[in-house]
Structures are given as C-alpha cells and as structure tokens.
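Notes follow once the structure below has been shown.
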Amino acid sequence: MLDIAQMRATLAEAYDLAPDLALAERMADIHARMARVVPLADWALHAPYVAAINALKAERGAVILAHNYMRPEIYHGVADVVGDSLQLAIEATRVEAQVIVQAGVHFMAETSKVLNPAKTVLIPDTQAGCSLADAITPAGIAEMRARYPGAPVVSYVNTTAEVKAASDVCCTSSNAVQIVRAQEADTVIMTPDRYLAQNVAAQVPEKNVVWWDGSCIVHERFTAADLRSFREHAPDTRIIAHPECPPDVVAASDFAGSTAAIIDYVSTERPAAAMLLTECSMAANIADAVPGVDFRGPCNLCPYMQMITLEKILWSLHTMTHEVTVDPAVSEGARRAVERMIELSSAAK
C-alpha cells in the first residue's frame, strides 16, 4: 500500500507542484476540454501535475491508457488513449511505447500486460480493484463447466488473468451480444456479471444463456423505481443505461449501451437533458464536447476508479511503479481469450 506522506514529500522535492494560476492559464487549451466541470481554480491545482506528467511521459517513452471512468483531469489532461474496455484492449496491442501506464483498475492493467508481455505495464494504485473481478475465480469457472458440460465460457473482461485463461473467450459490454451469438453451442455460460448476462440473453433469445451470480457495485444500485420517480419530475430527460444495470432498469431506459456507445449516443442525439446510469465521471468527461446537453443526476462513483489520481500517476512514472506481472502460463491462456474476443468483434463489423 502506498505511503501517501512519503510519496508527497518525494514528489515535492522533484517537482514544483504548488497551485499555479499562471501555468493554468498558459495551459488553457487543455483546460478548455474540461472547463465546464473543472473550474479555473481547480485547474490551477491540477495544471502542475499535468505538466509534470506529460513531460515525464516523453522522458520515459510512456503512454497512458485511460478508461472512460477516469476523472476529467486525467481523461483530458494526461491520457494518450481513452475508451471503454474493448477500445483499450485493442489499443494496447497497437501502442509502440515500451511503457504503458494504466489509468484504470487492476484487471485492465493485467489485460494490457497479457497483450504486451515484453512491455512494462504500470498501475498507479495496486488497490484499484473491481467487484466483478473479485466475484469469480477459476474454481467458479470449473463449477459452471461441470454444471453445463460442453457449454463455452464467455467471461467479461472485468476479470483476473487467471479467470480469462480458464475461459474460452472474453467479452465487453460493447460486444457481448456479438460474442455470445457467435458461439456454436446452444447453451452459453457468462461470467461474472449476472445483469450483463440477463440483458444479453434478452437480445439473443436463440441461445440459452446461463450466468454466474456477480454484479457491479456501481450499476447494481440503480433501480427501476427510482427511474419512474425521476421521470415524473423530469419527463424531458433522456435516460441512458449501462448493460451492467439490472434488466428492469435497462428496460425502463431510453437507451442502453457500453461506455463507448453511450458517448456516441449522446454526441449524435444531443438530447436537451440526459441522465447517465453509470459512473459519474462519464458525464463529466463528455460535458464540454456536448455543451447543449444538460447532464442530470443521479450517478454513482466507483471507489476503485477514484483511487487513480494525477498524484499517483506522477508517482508511478517517477518511480516506475507499480509494475504489473502475469505468470507466462496464465498469460498465454488469457491472451488467447482476449484475442479471440477481438477477432470475433472485428468479424461482426
């Protein structure tokens, strides 16, 4: 676990990280991407870290891959590639840099390492986990295979490398329907998110989709009753859900899709008002790109995603920690499952 006091003392010796309004104003082009949600006073706090990180990236020959749930100052300020889990998995195979900093949770860093075994992959906080990744183990996969002999296992990318290696193929929320539909067997096992599996099953009625009983601590908190109540008070609001939400929530929404699909939908449709049933940072990160859209609550914060900060990213690059490693035997199986997902996703286009 990070010693925060020591980290801050060490960074203060190496970099000038004091709030700097003049620097913030000189970096107005970056601030413009997030000005709607990050006031200038806050940007003056972030700008020294952003400047230091971007300079250190060049020095280290590093790139930062950031998930859509990262804070705006990370998403717009230091990320080289942003996207959902599928986009990041694909881009991880394309980056030429020898150092990858994963601004996201641990399973994402593992996936980048699996796809880039010869590269250095860093995660700024090793405690940044995932409730879905914690919900399933290889033993759980074996249990499901015993219960449904011959059924292929489709595991969400929100899983450990060991679980990926024990599966036949991975999926993300953006390609789960295509991946399940592509399986030749009539029965398909999905792990670990029961809600994603149930939402996929509704779209692929020709398959008998069975699932492990896991869920996302962010998305499971939304309820259909809350949506009905919200519509009574704000009937003009477009409600947009992530497929990790319960099926009745998805059914009560105007649109459901992955984080990338949500961004595309809002950018294309430009509703007057929108409520995103997902992690709070999503709306913040696209707010300046769609200035005519009034983003309304509620939303839920992911405590794991919020562990990744500018300060920890700078520390990670400064010290070249924490390096993510995956056992080669595990990595081979996990890479097969991820590459199979990318292959099937490409074929479905």
Side-chain angles (χ1 to χ4, degrees), residues 32-43 67-76 82-85 130-132 158 172-174 176-177 193-203 214-307:
R33 305 169 196 164
M34 61 189 111
R36 186 174 168 188
V37 293
V38 179
L40 182 59
D42 289 344
W43 178 236
H67 191 266
N68 290 329
Y69 293 165
M70 285 293 98
R71 306 165 190 237
E73 62 269 20
I74 294 173
Y75 185 91
H76 292 294
V82 296
D84 64 7
S85 297
C130 172
S131 61
L132 284 170
N158 299 42
T172 70
S173 56
S174 62
V177 169
D193 191 330
R194 66 180 181 272
Y195 294 135
L196 176 65
Q198 290 165 21
N199 288 320
V200 168
Q203 297 180 68
S215 61
C216 168
I217 60 173
V218 170
H219 296 99
E220 69 179 350
R221 292 166 58 192
F222 296 104
T223 69
D226 289 340
L227 298 197
R228 288 191 292 270
S229 177
F230 189 86
R231 283 196 190 278
E232 291 178 4
H233 295 284
D236 63 324
T237 300
R238 202 82 60 88
I239 298 178
I240 305 165
H242 190 280
E244 289 175 24
C245 293
D248 59 343
V249 170
V250 170
S253 302
D254 297 298
F255 176 80
S258 67
T259 56
I262 289 173
I263 292 173
D264 289 343
Y265 179 84
V266 174
S267 300
T268 302
E269 295 292 321
R270 304 275 175 142
M275 181 170 71
L276 308 189
L277 304 184
T278 187
E279 219 278 346
C280 293
S281 297
M282 274 284 296
N285 287 335
I286 64 176
D288 283 89
V290 284
V293 179
D294 177 16
F295 289 99
R296 298 172 177 174
C299 63
N300 295 320
L301 282 170
C302 173
Y304 301 112
M305 290 286 187
Q306 294 300 309
M307 289 180 179

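- A201 pairs by the side-chain contact (heavy atoms from CB on, under 4.5 Å) definition with V209, not counting sequence neighbours.
- Of all heavy-atom pairs between V293 and P271, the closest is CG2-O, 3.2 Å.
- Side-chain contact check for T278 and Y69: at least one donor-acceptor pair (N or O, by modelled atom type) lies under 3.5 Å.
- Applying the side-chain hydrogen bond (donor to acceptor under 3.5 Å, both in side chains) test to every pair with at least one member in residues 261-274, sequence neighbours left out, gives these pairs: R238-Y265.
- Nearest heavy-atom pair, P243 versus N199, reported as atom, atom and distance to 0.1 Å: O-ND2, 2.9 Å.
- Here the CD-CZ distance, from Q306 to R71, works out to 4.5 Å after rounding to the nearest 0.5 Å.
- F295 is listed as a side-chain neighbour of R36, based on a closest heavy-atom distance under 4.5 Å.
- In this structure, the separation between CG on L277 and SG on C245 is 5.5 Å, given to the nearest 0.5 Å.
- Considering only residues two or more places apart in sequence or on other chains, C299 meets the side-chain contact (heavy atoms from CB on, under 4.5 Å) condition with C280.
- A heavy-atom distance below 4.5 Å is not found between the side chains of I217 and C302.
- Residues A287 and V37 share a closest heavy-atom pair of CB-CG1, 3.9 Å.
- The two residues R33 and D288 have their closest heavy-atom pair at O-CB, 3.2 Å.
- Between atom CG of residue D84 and atom OG1 of residue T172 there is a gap of 5.5 Å, rounded to the nearest 0.5 Å.
- Listed by first and then second residue, the side-chain hydrogen bond (donor to acceptor under 3.5 Å, both in side chains) pairs involving residues 243-256 are Y156-E244, H219-E244, R231-D254 (not counting sequence neighbours).
- Counting heavy atoms from C-beta outward, M34 and W43 have side chains that approach closer than 4.5 Å.
- Each of M282, E279, M305 was compared with M70 under the side chain to side chain contact (heavy atoms under 4.5 Å, CB included) criterion, and only M305 meets it.
- Heavy-atom minimum distance, S131 versus Y304: N-CE1, 3.9 Å.
- The side chain to side chain donor-acceptor pair (under 3.5 Å) check on R296 picks up D236, T237, D294, with sequence neighbours excluded.
- Taking the side chain as every heavy atom from C-beta outward, N158 and C216 never approach each other to under 4.5 Å.
- Atom CD1 in I286 sits 9.0 Å away from atom CG in N68 (nearest 0.5 Å).
- Residue pairs that meet the ring pair (Phe, Tyr, Trp, His ring centres under 6.0 Å) test with at least one member in residues 271-293, sequence neighbours left out, do not exist here.
- Within the 4.5 Å cutoff, the side chain of L132 has no heavy atoms near those of the L196 side chain.
- Once rounded to the nearest 0.5 Å, the distance linking CE of M275 with CG of L227 reads 5.0 Å.
- Between the CG atom of N285 and the NE2 atom of H67 there is a distance of 10.5 Å, given to the nearest 0.5 Å.
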